Amino acid sequence: MIDLTHRSAAECLLRLHDERLEIEGFQKGVPRWCAGCGDNAVLTAAQRLLRDEGLRPEKTVFVSGIGCSSRFPHYMNTYGFHGIHGRALPVAEGIRLARPDLNVFVNTGDGDSFSIGAAHWIHAIRYNMRMVVMVHDNQIYGLTKKQASPTSPRGTRSNTTPRGSYLEGLNPLTVTLGVQNVSFVAQAADWIPEMLYEILQAAFHHDGLAFIRIVQRCPEWMPDNFDPWLHDPSRVQLLHHPSSLSISSSLASLFPNHLEHDPSDIHRAREIASSSDPLPVGILYHDPTVPRYDEIIRSEATHSSASVRRLLDAEFDKVAVTGGELDD
Amino acid sequence: MSTVQSTRSELSAEVGERQVVTLTEHVVEIISDSGEGAQRCGQSFGAIAARTGNGVWTVEIIPAEIQPPARSVAGASGNRVRLGSGPITNGGDEADLVVAFNEQVLLGRVHARELKPGCTILLEDMWREHRDPRIAASYAETYDLLVAAGYRIIEVPMERECRTLVSDARRGKNMYALGMLCAIYQFDLGLAREQVALTFRKKTQALIDTNVTLLTAGYEWALANLDLAFHVPAAPTDQRQVVTNGNTALALGVVASGMEICSMYPITPATSASHYLSEIFPKVGGVVHQAEDEIAAATFAIGASYAGKCAVTITSGPGYSLKQEAIGLAVMAEIPLVVVNVQRGGPSTGQPTKVEQGDLLTSIFGSHGDAPKVVIAASSIEDCFYSIITARRIAETFNTVVVVLSDASLATAQQPYPRPEFDPAWLAPPVDQSHVPDGLQPYAWDETTGLSRRFTPGQPGGMYTLTGLAHDTSGSVAYDPDANEQGLHARSLKLAALQKTLRPPRVHGDESGDLLVIGWGGTRGAIEEAVDRLRAEGREVSSLHLRFLNPLPPGLKEIMAGFDQVMTVEANWSDRLDDPIIDETNRRYSALAMLLRSRYLVDVDTWSEVGGQPIKPGRVQRAILRKLDGR
């Protein structure tokens with residue numbers, strides 16, 4: 001913590017500079033993800049973000065559920081909460097409510113979020129409590145060794161669907177954009193790290209729940225899944241707008257398909273979100289004015305020994321027994 | 001209103017003319033169709049009795065449905081009020097006096113064998129002349145049947161009298177009945193009016209006035225027309241007392257414990273605790289979060305506890321089952337958490353509004369793997385308050401889950417108890433944000449106690465990744481067998497360490513004798529009353545009531561050794577030995593009996609009842625006698 005008392009502004013700035021951590025300051029251990037796994041790109045983007053925003057590791061919590069992506073907190077030198085399958089969001093909500101001063105990030109997968117934890121996903125969007133939610137969507141269960149997930153494309157051959165998965169994959173973006181109180185929805189792809197980083201940064205600055213679906217590769221179980229998009233970059237559509245993200249010239253030269261989209265337009269956002277080919281990448285929807293449940297439900301009153309005593313006295317007065325002698 | 005004001009002076013004269021029967025206790029029931037307000041009448045009557053200084057215990061009579069059909073035997077809704085000169089600790093046996101708004105709900109209570117033979121019944125008489133001949137016939141038939149069975153029925157024109165004051169007697173008859181009861185039991189009308197104003201404090205003044213008018217009318221009608229007059233002398237006490245139900249006491253306990261976050265999901269019969277908490281908690285900066293489901297309620301509380309002060313989640317059986325995986329996480333990761341389970345009938349949806357103590361074993365052994373957690377059970381209304389304070393303290397001292405068991409018999413029952421005097425030591429300490437000492441690990445388990453110091457986000461130098469996976473002292477995932485065993489060992493040791501701090505429980509009665517009855521939870525009052533009655537007859541029986549169920553307190557084996565026989569009394573299932581297929585090799589014992597048998601190798605017998613009603617002292621008394629006399 002920076003102590004501002006009895007220090008000149010220059011001293012403080014110097015100290016601030018000293019306390020800023022390099023990227024190594026946020027790294028921990030060696031990730032045990034497969035080579036080529038999209039999780040690595042997300043990890044790098046998150047570590048860059050923490051460095052660039054000058055966040056304190058002790059003031060930052062990464063919360064996850066269960067699955068390959070949920071190993072994420074183990075590789076961050078911050079506080080981490082690697083909980084149980086599907087429940088990252090309510091854990092993060094509890095943290096957020098108890099501690100407005102912390103930076104709360106959630107890393108979860110497509111099975112964790114859209115299957116076992118689906119109820120929490122819908123309600124977390126509605127609560128709009130301030131946090132960044134990264135859904136690592138590789139369209140397959142990886143840790144349990146290749147079962148179809150809700151987002152697996154129809155026909156995906158997996159250990160539980162050896163003849164191909166039966167149903168169309170769920171579109172998490174359109175579902176999310178259908179929830180009342182949605183305030184920030186973006187889509188990123190692990191193979192476009194520059195956009196991933198910029199989306200993450202915008203999400204971090206969003207005053208509410210920022211939902212990022214990260215489309216990512218699973219080289220072990222779904223090696224060819226995104227080949228059509230990788231081989232033909234024009235099948236990726238980069239979203240840009242003066243009020244939102246801009247596309248750098250180097251990125252523009254790699255990905256020629258651009259679409260100007262005003263992220264305040266929810267109807268257009270839903271339309272864009274319904275497409276998987278071309279795959280939209282960027283910020284689909286952003287409304288900074290949506291009320292935050294974590295702010296609404298927190299009461300103005302302060303908790304103290306005196307306020308507790310006062311409340312108990314008042315409540316016990318209402319139910320007091322006068323005793324054997326009537327007092328009138 | 002002039003007649004109203006003169007009532008008090010008239011009262012003494014009138015009472016002087018009537019034969020006032022003095023009693024040490026009486027059981028009164030007020031029953032109606034759902035929605036006619038008998039519950040409010042009963043609660044108010046109980047509160048007035050308590051404020052007069054009587055010992056009181058009230059029991060809600062609740063139909064399972066919100067709006068059961070009118071005039072149905074299964075639809076009886078209301079309240080039982082047992083009042084006495086001394087302390088009252090349970091709902092007693094059968095009712096002595098009943099006010100019924102129709103004959104069908106009355107019949108429901110007769111069928112449930114809740115009425116004392118020959119008891120007095122004040123019955124709404126509007127049905128006798130009802131325009132539907134079937135209803136009129138049903139009323140007349142039931143009336144004749146009950147009179148023939150020996151009940152003393154007094155027909156009361158409540159509807160007709162109320163209609164002279166309000167257009168819809170359905171909404172007001174309850175206060176008229178309350179007025180009658182206050183006259184019958186010699187309660188002060190001024191106090192009754194105060195209570196009505198308190199009961200309707202959230203309503204308009206006009207509505208309060210109407211209800212006071214109805215109360216007064218009922219009071220005056222009873223004085224003028226009934227020759228019933230009872231007096232249950234109030235024991236003068238200078239002790240300051242309050243009267244609440246168990247769920248209100250739980251909610252006040254949450255406030256008093258210093259917890260600031262409660263996350264819950266609606267479930268009967270636990271929800272009213274959260275209703276009340278939602279009303280008062282914001283005044284101290286607290287929050288009640290109604291989560292999207294029971295699992296979210298538990299994990300939300302876990303997140304809040306992990307990052308701040310211990311949080312609480314309040315539920316009942318089905319919700320408790322759903323929370324099991326989350327509870328295991330809190331045990332594994334050593335996150336303090338208070339889980340309140342206001343038990344109801346099970347399994348599955350079971351009996352949502354009925355009384356059962358069926359969740360003891362699932363509370364102790366629930367969640368997969370070895371998940372040691374603390375289980376305590378409240379045994380009175382007052383205990384509901386203090387159990388939460390104790391639970392919060394243990395949860396944060398031992399960094400673990402503390403389950404507080406209450407049940408439907410405590411949830412809605414009202415009882416006066418000494419007014420708790422707030423002690424700042426009840427509150428949780430501030431969240432530790434100090435720098436973690438260099439080299440200290442998040443699970444630096446003490447070799448003797450298994451305890452370690454919890455790291456909270458925000459503490460510099462304490463960054464670690466909490467995980468539900470097996471982990472070592474650094475919190476890192478444990479891949480080797482030794483580290484896993486070390487964690488299991490430490491978490492288990494914590495219960496032993498807690499047990500070392502507990503005092504042996506106190507025996508109710510002599511410390512030796514023919515039979516020791518052991519109970520837990522909401523059956524305390526009934527068991528101790530049964531034991532007292534039998535001891536007064538010279539029987540050598542004592543009882544023991546356990547507050548700590550996991551760990552069990554020290555000294556139990558020694559206490560049991562002082563008695564020839566030991567038997568638990570519980571409101572959960574046990575096989576009966578007189579069942580032809582049941583014998584010692586296949587008998588399933590009640591939960592506590594099973595625990596005691598396995599831990600102490602003592603031949604603990606059990607008597608249990610799962611009728612969904614609070615266990616009655618008379619029933620316990622007969623069970624004890626059968627045990628003592630070897631029948």
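Note that this is a predicted model, so its numbers are computed, not measured.
- Both the backbone and the side chain of B/Ile280 come within contact range of chain A, each with at least one heavy atom under 4.5 Å from a heavy atom of that chain.
- In this structure, chain A has heavy atoms under 4.5 Å from both the backbone and the side chain of B/Leu252.
- Ranked by heavy-atom pairs under 4.5 Å with chain A, the first of B/Val477, B/Val242, B/Leu198, B/Thr465 is B/Thr465.
- Only the side chain of B/Ile335 has a heavy atom closer than 4.5 Å to any heavy atom of chain A.
- Ranked by heavy-atom pairs under 4.5 Å with chain A, the list B/Phe300, B/Phe281, B/Tyr464 is led by B/Phe300.
- Between the side chains of A/His136 and A/Asp110, not a single donor N or O lies within less than 3.5 Å of an accepting N or O.
- Contacts of B/Arg419 with chain A are made by side-chain atoms alone, with heavy-atom separations under 4.5 Å and no backbone atom involved.
- Between the side chains of A/His120 and B/Glu292, a donor-acceptor pair is found at a separation under 3.5 Å.
- Interface remark: A/Arg99 contributes side-chain atoms only to the contact with chain B (heavy atom separation under 4.5 Å).
- Of the atoms belonging to B/Thr456, heavy atoms from both backbone and side chain fall under 4.5 Å from chain A.
- When each of B/Gly308, B/Ala304, B/Pro457, B/Pro424 is scored by its heavy-atom pairs under 4.5 Å with chain A, the top score falls to B/Pro457.
- Proximity to chain A is absent for every atom of B/His435, based on heavy atoms less than 4.5 angstrom apart.
- In this structure, no portion of B/Pro233 lies under 4.5 Å from any heavy atom of chain A.
- With a 4.5 angstrom heavy-atom cutoff, A/His74 touches chain B via backbone and side-chain atoms both.
- The parts of B/Ala326 that come within reach of chain A are both its backbone and its side chain, each placing non-hydrogen atoms under 4.5 angstrom from that chain.
- The pair B/Glu279-B/Lys202 counts as a salt bridge, with a side-chain nitrogen and a carboxylate oxygen less than 4.0 angstrom apart.
- Chain A forms more heavy-atom pairs under 4.5 Å with one residue of B/Met332, B/Gln433, B/Arg240 than with any other, namely B/Gln433.
- Checking A/Ser183 against A/Asn128 by side-chain atom types alone, a donor-acceptor pair falls below 3.5 Å.
- A salt bridge does not link A/Arg96 with A/Glu93: every distance from a Lys NZ or Arg NE/NH1/NH2 to an Asp or Glu carboxylate oxygen is 4.0 Å or more.
- Contacts of A/Val61 with chain B are made by side-chain atoms alone, with heavy-atom separations under 4.5 Å and no backbone atom involved.
- Of the listed residues (B/Ser263, B/Ala311, B/Gly258, B/Ala301), the one with the most heavy-atom contacts under 4.5 Å to chain A is B/Gly258.
- For the 3.5 Å distance criterion, the side chains of B/Asn54 and B/Thr52 fail to qualify, holding no donor opposite an acceptor.
- Interface remark: of the candidates B/Gln195, B/Lys283, B/Gln459, B/Gln459 forms the most heavy-atom pairs closer than 4.5 Å to chain A.
- Heavy-atom neighbours of B/Arg454 CZ from other residues, nucleotides or ligands within 6.0 Å: above the threshold of 12.
- The part of A/Tyr127 that comes within reach of chain B is its side chain, from C-beta onward, which places non-hydrogen atoms under 4.5 angstrom from that chain.
- A centroid separation of less than 6.0 Å is found between the aromatic rings of A/Tyr293 and B/His289.
- There is no side-chain donor-acceptor pair under 3.5 Å between A/Thr78 and A/Lys28.
- Residues A/Trp33 and A/Asp39 have side chains that bring a donor and an acceptor to within less than 3.5 angstrom of each other.
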